[in-house]
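Notes follow the structure.
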2 protein chains.
Amino acid sequence: MPKDEFTIGEAARQSGVKVPTIRYYEQIGLLPVASRSEGNRRLYDRPDLGRLAFIRPARGLGFAGGAIRTLLSLQDDPDQSCAAADAIAKARLVEVDKRIASLNALRDELKRMVKQCESGRIGDCRVIETLADTTHVHGRLAEA
Amino acid sequence: MPKDEFTIGEAARQSGVKVPTIRYYEQIGLLPVASRSEGNRRLYDRPDLGRLAFIRPARGLGFAGGAIRTLLSLQDDPDQSCAAADAIAKARLVEVDKRIASLNALRDELKRMVKQCESGRIGDCRVIETLADTTHVHGRLAEA
DNA sequence: GCTACATCCTCTAGTGACTAGAGGAGCAAG
DNA sequence: CTTGCTCCTCTAGTCACTAGAGGATGTAGC
């Protein structure tokens, strides 16, 4: 096997994405259809691993499939119109900022709880109010 | 109808959670089984609305059902052991911090893109590398 | 070369969290 | 009393996986 070609298992280990999940990503078009070996095994190269390593954390951060496709397209086609890229990036930016604000509020409240705990009792828990009041995030980050 | 009792529709409007989703939350036990009117309609009160207003953004931030249950339990039972609450809060804190770090990296990269765009071309897009390198968030925030 | 065992293949089905739609009942206004 | 809105239950669909069956392939030791 030529170097810089990986089986699906190696790709999984290197990216942290599970084998069936990689196959699933191919199926839904997040990854290009992989080339095959003589014995019908999928073969991946470095760029594929890069994509994989991107998809997982993006999912973790709540980006939907469509949004990830859009972000990947920015890389695939860096010559696409500036206006398009700008619109995509700006839209993401707004959402990401909202998320950060929400998480910061939650973070402060959790810290407060831990601190209060050190000094004896829980007292009243304001985690719920904190989140309910400060966040207005609606589901996953939207499409482009 | 006594004041401070709400139909499911009113609860939906006030919390921003859709009617079928409220029924679903009851079904899976995130909300207590609602009391019913003469004509078999669900009735909600203020505390129910508070729970609802909490669940939605918590979901948006990626908390899984179990984690939300745990957070709600901190409110329901503020006298539970300090050690338990402390452990829960600390675990959440670590995850939330990771998320914030990831989103900040993504945010910076998106800003850079928008800025570069203003001055003509996109150039090379590093959004993918940014996320792939800086984030190690695995799926939803875990259980307690 | 042969056996053992890991890894791969495809396919179907299950999970979690919704979301949509069918079909029917309750209630308030004109 | 009929129109129309909201409610009820129930089934099924979506998305993003995840698990498992059943079979083929690749590799390492004998």
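In the text below, chain A, chain B and the rest are named by the order of the sequence lines, each starting its count at 1. Model, not experiment: these values are computed from the prediction.
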Legend entry - side chain to side chain contact (heavy atoms under 4.5 Å, CB included) between B/Y24 and B/L30, intermediate numbers included: CA-CA 9 Å; B/Y24 170 71; B/L30 270 186; over 6 Å; no

Inset, instruction - Look at B/T7 and D/dC7 and indicate whether a side-chain polar atom (N or O) is within less than 4.0 Å of OP1 or OP2. - result: yes

Inset, instruction - For residues A/S15 and A/L52, report the shortest heavy-atom separation together with the two atoms involved. - result: OG-CD1, 3.7 Å

Inset, instruction - Check every strand shown and say whether B/R13 touches a base, only sugar-phosphate, or nothing at a heavy-atom separation below 4.0 Å. - result: nothing

Legend entry - Nearest-nucleotide 5' precedence on DNA chain D, B/G9 against A/I28: B/G9

Inset, instruction - Please report, rounded to the nearest Å, how far the P atom of C/dT7 is from the CG atom of A/L43. - result: 17 Å

Legend entry - Value in whole Å for how far the P atom of D/dC15 lies from CD1 of A/I55: 17 Å

Legend entry - For DNA chain C, the residues among residues 18-25 of chain B that have a non-hydrogen atom under 4.0 Å from it: B/T21, B/Y24, B/Y25

Legend entry - Length of the line joining B/L30:CG and C/dC18:P, which is rounded to integer Å: 8 Å

Inset, instruction - Using whole Å, report how far CD of A/E10 lies from P of D/dG26. - result: 14 Å

Legend entry - Pairing residues for A/N104 by the side chain to side chain donor-acceptor pair (under 3.5 Å) criterion, not counting sequence neighbours: none

Inset, instruction - In whole angstrom, give the distance that lies between atom CD of A/Q27 and atom C1' of D/dT18. - result: 13 Å

Inset, instruction - For residues B/R36 and B/L43, determine if any side-chain heavy atom of one lies less than 4.5 Å from a side-chain heavy atom of the other. - result: no

Inset, instruction - For the residue pair A/R42 and A/Y44, establish whether any side-chain heavy-atom pair is separated by less than 4.5 Å. - result: yes

Inset, instruction - Mind listing the closest non-hydrogen atom pair of A/V19 and A/G9 along with its distance? - result: CG2-CA, 4.0 Å

Inset, instruction - Taking B/R13 for its side chain and B/I8 for its backbone only, find out whether a donor-acceptor pair lies under 3.5 Å. - result: no

Inset, instruction - State, with a plain yes or no, whether a side-chain heavy atom of B/F6 is found less than 4.5 Å away from one of B/Q14. - result: yes

Inset, instruction - Figure out the CD1/P separation between A/I8 and D/dT18, and round it to whole Å. - result: 14 Å

Legend entry - Side chains of A/R51 and A/P32 in contact at under 4.5 Å (non-hydrogen atoms): yes

Inset, instruction - Considering just the side-chain nitrogens and oxygens of B/R69, establish if one lies under 4.0 Å of OP1 or OP2 belonging to C/dG16. - result: no

Inset, instruction - Spell out protein contact along nucleotides 23-30 of chain C as letters: B when the base is contacted, S when just the sugar-phosphate is, - when no protein heavy atom is under 4.0 Å; keep the 5' to 3' order. - result: --BBS---

